[in-house]
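Quick notes on the structure that follows.
Keep in mind it's a predicted model, so treat the numbers as computed, not measured. Count residues from 1 along the sequence.
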Amino acid sequence: MSQLELTHPRPEIAVITLNRPEKLNALSSTLVEELHNTLDTIKADNDCRVVVLTGAGRGFCAGLDLTDPNPPAVSAGLEAPRAGMRWQERIAELTVKLHRLRQPVIAAVNGPAYGGGFALAMAADIRIAARSARLCTQFIKLGIGGCDIGVSYTLPRIIGAGPAFDLILTARTVEADEALRLGLVSRISQDDAVLQDALEIAVTLCGYGKFGLESTKQVLWANLDAGSLETALHVENRSQILSGTSGEMRAFAQAFADRKKD
């Protein structure tokens, strides 16, 4: 039985549902590989424009499944520490794949998002939380370092260095209201509406220009690392000029002019 479900409520919207509800969607080696394969499929899907990531049942993702009896195939036949490093890199690569998707990713965080689940949510472009959402880095509680699966990169860029250091070092749990205040999420939904609200955002994004939407995600992430305002402007300027050559800008301008006439 698959541990992940990929659905398309519309051809241009993909919904990835982590599907181990009995384990709060904890990341088994099987689920990690299914998620890799699904992200590869979506990357190659030219019809898909927005991705929604969520979890089945009561949780988004409880982190790595430490009870998983199946050894990761990626480290088969290797001795320590090479085996551990292969598995570590395989999990961490998920955050890179989410970033490299040309499609914006919306995380609909329902219930616990701990450890690896927290990292996946932080790698998304937009995060909305159900009232039941609880977020925690968790890694340092396991006797390892608190920086894992990209959180030392993503979290300070989302909420700033000070709050990020607090959450990573203490591994304290943040509930929905505080997550909104800190900027971990941008909206809060009722538990039974979080996925629908995420889909409504996805529909809104699909109403914008195809190249413009893709390039906006790329420019936003690129300019988080820009060394100066001038560097950021160079990236923006090129994106805007390229967007203007797609023909979509003329169509949007005509539609706007037609609305003003009505």
Side-chain angles (χ1 to χ4, degrees), residues 4 15-28 31 35 51-67 91-92 94-95 98-99 104-202 224:
L4 181 149
V15 178
I16 301 173
T17 304
L18 308 181
N19 192 26
R20 301 184 73 209
E22 74 286 356
K23 293 279 191 176
L24 290 177
N25 304 310
L27 294 170
S28 65
L31 179 52
L35 187 50
V51 178
V52 175
L53 177 64
T54 194
R58 298 181 297 108
F60 180 76
C61 176
L64 185 64
D65 185 355
L66 300 177
T67 68
I91 301 170
L94 289 171
T95 60
L98 287 167
H99 268 227
V105 178
I106 304 166
V109 182
N110 52 313
Y114 290 168
F118 180 89
L120 292 178
M122 293 306 107
D125 304 296
I126 297 174
R127 285 161 299 284
I128 66 174
R131 282 284 170 192
S132 62
R134 302 190 304 280
L135 302 98
C136 175
T137 59
Q138 188 157 275
F139 304 113
I140 205 168
K141 293 180 178 180
L142 304 177
I144 56 177
C147 302
D148 198 13
I149 317 181
V151 297
S152 62
Y153 180 90
T154 57
L155 193 56
R157 284 164 172 76
I158 294 168
I159 63 174
F165 279 38
D166 176 5
L167 296 188
I168 291 172
L169 283 167
T170 67
R172 66 184 181 85
T173 299
V174 174
E175 297 189 357
D177 287 337
E178 185 178 6
L180 180 63
R181 180 177 61 79
L182 287 172
L184 283 171
V185 301
S186 56
R187 312 183 192 191
I188 296 178
S189 301
Q190 297 303 317
D191 286 4
D192 59 357
V194 65
L195 179 56
Q196 184 58 44
D197 289 348
L199 289 172
E200 289 180 6
I201 296 171
L224 278 178

Evaluate the side-chain proximity of [Y] to [X]: yes if any heavy-atom separation is below 4.5 Å, no if none is.
X: I126; Y: R187; result: no
X: M122; Y: Y153; result: no
X: L120; Y: L35; result: yes
X: I168; Y: F139; result: no
X: V105; Y: H99; result: no
X: V15; Y: L199; result: yes
X: L27; Y: C61; result: yes

Shortest non-hydrogen contact between [X] and [Y], atoms and distance:
X: A130; Y: D191; answer: CB-OD1, 3.4 Å
X: I159; Y: G183; answer: CG2-C, 3.8 Å
X: A198; Y: A108; answer: CB-CB, 4.0 Å
X: G111; Y: S132; answer: N-OG, 3.2 Å
X: I149; Y: T95; answer: O-CG2, 3.1 Å
X: N25; Y: G59; answer: ND2-O, 2.6 Å

Hey, which of V174, I188, I128 is the one that makes side chain to side chain contact (heavy atoms under 4.5 Å, CB included) with L180?
->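 Testing each of V174, I188, I128 against L180, the sole residue satisfying side chain to side chain contact (heavy atoms under 4.5 Å, CB included) is I188.
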
In a check of side chain to side chain contact (heavy atoms under 4.5 Å, CB included) between F118 and each of D148, V109, T154, V151, which one passes?
->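 Option passing the side chain to side chain contact (heavy atoms under 4.5 Å, CB included) with F118: V151.
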
To the nearest 0.5 Å, how far apart are [atom1] in [X] and [atom2] in [Y]?
X: L4; Y: L18; atom1: CG; atom2: CG; answer: 6.0 Å
X: Q138; Y: L167; atom1: CD; atom2: CG; answer: 13.5 Å
X: T54; Y: I106; atom1: OG1; atom2: CD1; answer: 11.5 Å
X: L182; Y: L135; atom1: CG; atom2: CG; answer: 10.0 Å
X: L53; Y: L195; atom1: CG; atom2: CG; answer: 10.5 Å

Side chain R127, main chain A107, donor-acceptor under 3.5 Å |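 No, R127 side chain to A107 backbone: no donor-acceptor pair under 3.5 Å.
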
Ignoring hydrogens and angles, tell me if any N or O in the side chain of N110 forms a donor-acceptor pair with the backbone of G57 under 3.5 Å.
->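 Confirmed, N110 side chain pairs with G57 backbone.
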
Are E178 and R172 close enough for a salt bridge, meaning some N to O gap below 4.0 Å?
->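 Looking at E178 and R172, the cut-off is met.
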
Would one find more than 12 heavy atoms of other residues, nucleotides or ligands at under 6.0 Å from atom CD of E200?
->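 Yes, CD of E200 has more than 12 neighbouring heavy atoms, counting only those of other groups under 6.0 Å.
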
Go through the side-chain N and O atoms of K23 and S28 and say whether any donor and acceptor fall under 3.5 Å apart.
->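 Distance-only check fails for K23 and S28.
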
Verdict with reasoning, L184 to L155, per side-chain contact (heavy atoms from CB on, under 4.5 Å) | CA-CA 8 Å; L184 283 171; L155 193 56; 3.4 Å; yes

